[in-house]
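So the structure is just underneath, and the comments pick up after that.
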Amino acid sequence: MPAEEFVAGWISGALGLVLGHPFDTVKVRLQTQTTYRGIVDCMVKTYRHESLLGFFKGMSFPIASISVVNSVLFGVYSNALLALTATSHQERRAQPPSYTHVFIAGCTGGFLQAYCLAPFDLIKVRLQNQTEPREKPGSPPPRYRGPVHCAASILQAEGPQGLFRGAWALTLRDTPTLGIYFVTYEWLCRQLTPEGQNPSSGTVLVAGGFAGIISWVAATPLDVIKSRMQMAGLKQRAYLGLLDCIVSSARQEGLGVFFRGLTINSARAFPVNAITFLSYEYLLLSWG
C-alpha cells in the first residue's frame, strides 16, 4: 500500500535522526561559527562548556517533525516511481526501474521534502547554535527556551518569512542531491545483488551508507549557504539573498568555506543512511 511507504519512511527517519544528531550539531556549528579550529576542537569545547547534552540541542523537535518530513521523502519517492513505472516496491527487484525514473522520483521527493522541511530545519539550526550551557541561577537565559519559543520569537522578530530563511538554498540542495542519493543506492544494490533477488542486509547497509556519503559530498556547498542564511540577522550579517551569501562567504573566507563540515557530514552520512535504508527495507518487506 502507498501509505506504508510513508510510515516506513517516518520510522527509519527517526532512527537515523537519533544516531546522527550529535554529528549534525557539530557540522552546523562548524559551518556557521568561526570560533572552532576543526571537528575535534568543536567537540571538545561543546562537551566542556555544555556537557554531553550540548550535542543533542534541537533534537526533540526534529524527532516529531523532521522524521515526518523524511516520510514525505520516501513516500513521495516510492509513489512517484509507482506512477512512472507501474511497479510496486516488492516488484521492483524483478522489474528494476530505469535510473532516469529513479532520479526523477528522487528529485520529486527531495523538492517536496525541502518545502516541508524549511521551517523545522531553521528552528533546529537556531537551537543547535546556542552555545550557552544549561541554565543556572543568575546566568543569562539563552535566546530561545525551546522549539516553540524559538518559532514564536522568529515570527515576532522576523515575520512569517523568517521561518523560511534559507529555503531556496535548501530546495536547491535537496532536489538534485536526493536524485543522486536514490540512484547511487539503486546502482549499488543492483551491482551487489544477484538478478531478481532482494538485496541482503549487508548490501543494504553498504549501499545506503555510500549513497549518503556521495549525496552529502554534492550537497555540502549549498548546505553551508543554507545554514548561514538561516543564521543571518543574529550573530552574522544579514545577506541580501542566496547569491550575496555565496559571494560574501567566498570573499571573506575563500572557496574552502563551501566544504566546511564535509568530513563530519561524510562520517555521519554512512551510519545514518545505512540504518535508514535497512530499517526502511525491513519494514516494507515485513509488511509486504
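Follow the hydrophobic side-chain contacts under 4.5 Å out from L192 and you reach L278 in the same cluster.
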*Please walk me through it: do S153 and R143 pass side chain to side chain contact (heavy atoms under 4.5 Å, CB included)?*
CA-CA 9 Å; S153 298; R143 178 187 291 266; over 6 Å; no

*Please step through side chain to side chain contact (heavy atoms under 4.5 Å, CB included) for the pair H21 and Q128, ending with a clear verdict.*
CA-CA 10 Å; H21 194 81; Q128 286 175 316; 3.4 Å; yes

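Expressed to the nearest 0.5 Å, how far CD1 of I213 lies from OH of Y181 amounts to 11.5 Å. Note that CD of Q113 is 9.5 Å distant from CG of D121, once rounded to the nearest 0.5 Å.
Residues passing the side chain to side chain donor-acceptor pair (under 3.5 Å) test with T108, sequence neighbours excluded: none. In terms of the side chain to side chain contact (heavy atoms under 4.5 Å, CB included) criterion, residue partners of I246 (sequence neighbours excluded) are, by chain and number, I225, L242, F258.
Nearest heavy atoms, P271 versus A267: CD-O, 3.1 Å. Shortest non-hydrogen contact noted between P176 and C107 is CA-SG, 4.0 Å. Between P97 and V102, the shortest heavy-atom distance links the atoms CG-CG2, 3.8 Å. Nearest heavy atoms, H149 versus Y144: ND1-CA, 3.5 Å. Of all non-hydrogen atoms in R126 and R165, the two that sit nearest each other are NH2-CD, 3.7 Å.
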Would you be so kind as to tabulate the donor-acceptor pairs closer than 3.5 Å made by side chains of residues 35-42, with sequence neighbours excluded?
| unit_1 | atom_1 | unit_2 | atom_2 | d |
| --- | --- | --- | --- | --- |
| D41 | OD2 | R37 | N | 2.9 |
| D41 | OD2 | K45 | NZ | 3.2 |

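In this structure, K226 and V125 have side chains that are in contact, with non-hydrogen atoms separated by less than 4.5 Å.
Ring pair Y77/F182 is parallel by interplanar angle, where below 30° counts as parallel and above 60° as perpendicular.
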